[in-house]
Amino acid sequence: QVQLVESGGGLVQAGGSLRLSCAASGRTFSINAMGWFRQAPGKGREFVGSIDWSGGSAVYADSVEGRFTISRDNAKNTVYLQMNSLKPEDTAVYYCALRKTGRTDYEYWGQGTQVTVSS
């Protein structure tokens, strides 16, 4: 099994910054990628970005490109989401997820952490 725990959420003013962390534990031998998703009230879950575990290349949704940065620490099995120039529309519960090698879907999910951006 794999367990994911997010941290770092909170309340921030528009234009501010926040850094989220997600630590994976358990059976973490074959990580292909870790990603970030978010869900605002009344909306579906939205892809934010992901990072390849071996090469470290990252991809982002258009809505956060240039403002958010994903990084990882392989030794700690931890992924980070640095969020800058935050906007009220970034307000959501943020989830991290893990995809194993040989899989196309993210099968392991964290509990989520609330990010609220005030005007």
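- The nearest pair of heavy atoms linking Leu98 to Ala24 is CD1-CB, 4.1 Å.
- Two residues are said to be in side-chain contact when any heavy atoms from C-beta on lie closer than 4.5 Å; Val12 and Met83 fail this criterion.
- A distance of 9.5 Å separates CZ in Arg19 from OG in Ser7, rounded to the nearest 0.5 Å.
- Closest non-hydrogen pair, Phe37 versus Ala97, comes out as CE1-CB, 4.0 Å.
- Once rounded to the nearest 0.5 Å, the distance linking CD of Gln13 with OG of Ser118 reads 5.5 Å.
- To the nearest 0.5 Å, atom CG of residue Asn32 and atom CD1 of residue Ile51 are 12.0 Å apart.
- A 4.5 Å side-chain heavy-atom check between Cys22 and Tyr94 finds every atom pair outside the cut-off.
- Side chains of Phe68 and Leu18 form no contact here, defined as non-hydrogen atoms less than 4.5 Å apart.
- Defined by atom type and a distance below 3.5 Å, a donor-acceptor pair is missing between the side-chain atoms of Asn84 and Arg67.
- Residues Leu20 and Gln82 form no side-chain contact, since every pair of their non-hydrogen atoms from C-beta on lies 4.5 Å or further apart.
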(request) Using the side chain to side chain contact (heavy atoms under 4.5 Å, CB included) rule, take Val64 and Arg38 through it: C-alpha gap first, then chi angles, then the decisive distance, then the call. (result) CA-CA 12 Å; Val64 305; Arg38 66 187 183 185; 3.9 Å; yes

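- The number of heavy-atom neighbours closer than 6.0 Å to CD of Gln111, taken from other residues, nucleotides and ligands shown, is 12 or below.
- For Thr113 (side chain) and Gly9 (main-chain N/O), a donor-acceptor pair under 3.5 Å exists by modelled atom type.
- Of all heavy-atom pairs between Gly35 and Tyr106, the closest is N-CE2, 3.7 Å.
- Ring to ring, Tyr60 and Phe47 are not that close: their centroids are 6.0 angstrom or more apart.
- Between Ile70 and Val79, the closest side-chain pair of non-hydrogen atoms falls below 4.5 Å.
- A distance of 15.0 Å separates CG in Leu81 from CZ in Arg72, rounded to the nearest 0.5 Å.
- Closest approach of Val2 and Lys100 over heavy atoms only: CG2-CE, 3.9 Å.
- For the pair Asn77/Trp53, a side-chain contact is recorded, criterion being any heavy-atom separation below 4.5 Å from C-beta on.
- Panel note: side chain Glu6, backbone Gly112; a donor-acceptor pair is recorded below 3.5 Å.
- Of all the heavy atoms in Ala14 and Ser119, the pair that sits closest is CB-CA, 4.4 Å.
- Using cut-offs of 30° and 60° for the angle between ring planes, the Trp109 and Tyr95 rings count as perpendicular.
- In the displayed structure, Arg103 atom CZ is contacted under 6.0 Å by at most 12 heavy atoms of other residues, nucleotides or ligands.
- For the 3.5 Å distance criterion, the side chains of Ser57 and Asp52 fail to qualify, holding no donor opposite an acceptor.
- Among all heavy-atom pairs drawn from Met34 and Ile31, the shortest one is CG-CG2, 4.1 Å.
- Using a 4.5 Å cut-off on side-chain heavy atoms (C-beta onward), Asp73 and Tyr80 make contact.
- At least one donor-acceptor pair closer than 3.5 Å links the side chain of Thr91 to the backbone N or O of Pro88.
- Counted by atom type alone, Ser63 and Glu65 present zero donor-acceptor pairs between their side chains at under 3.5 Å.
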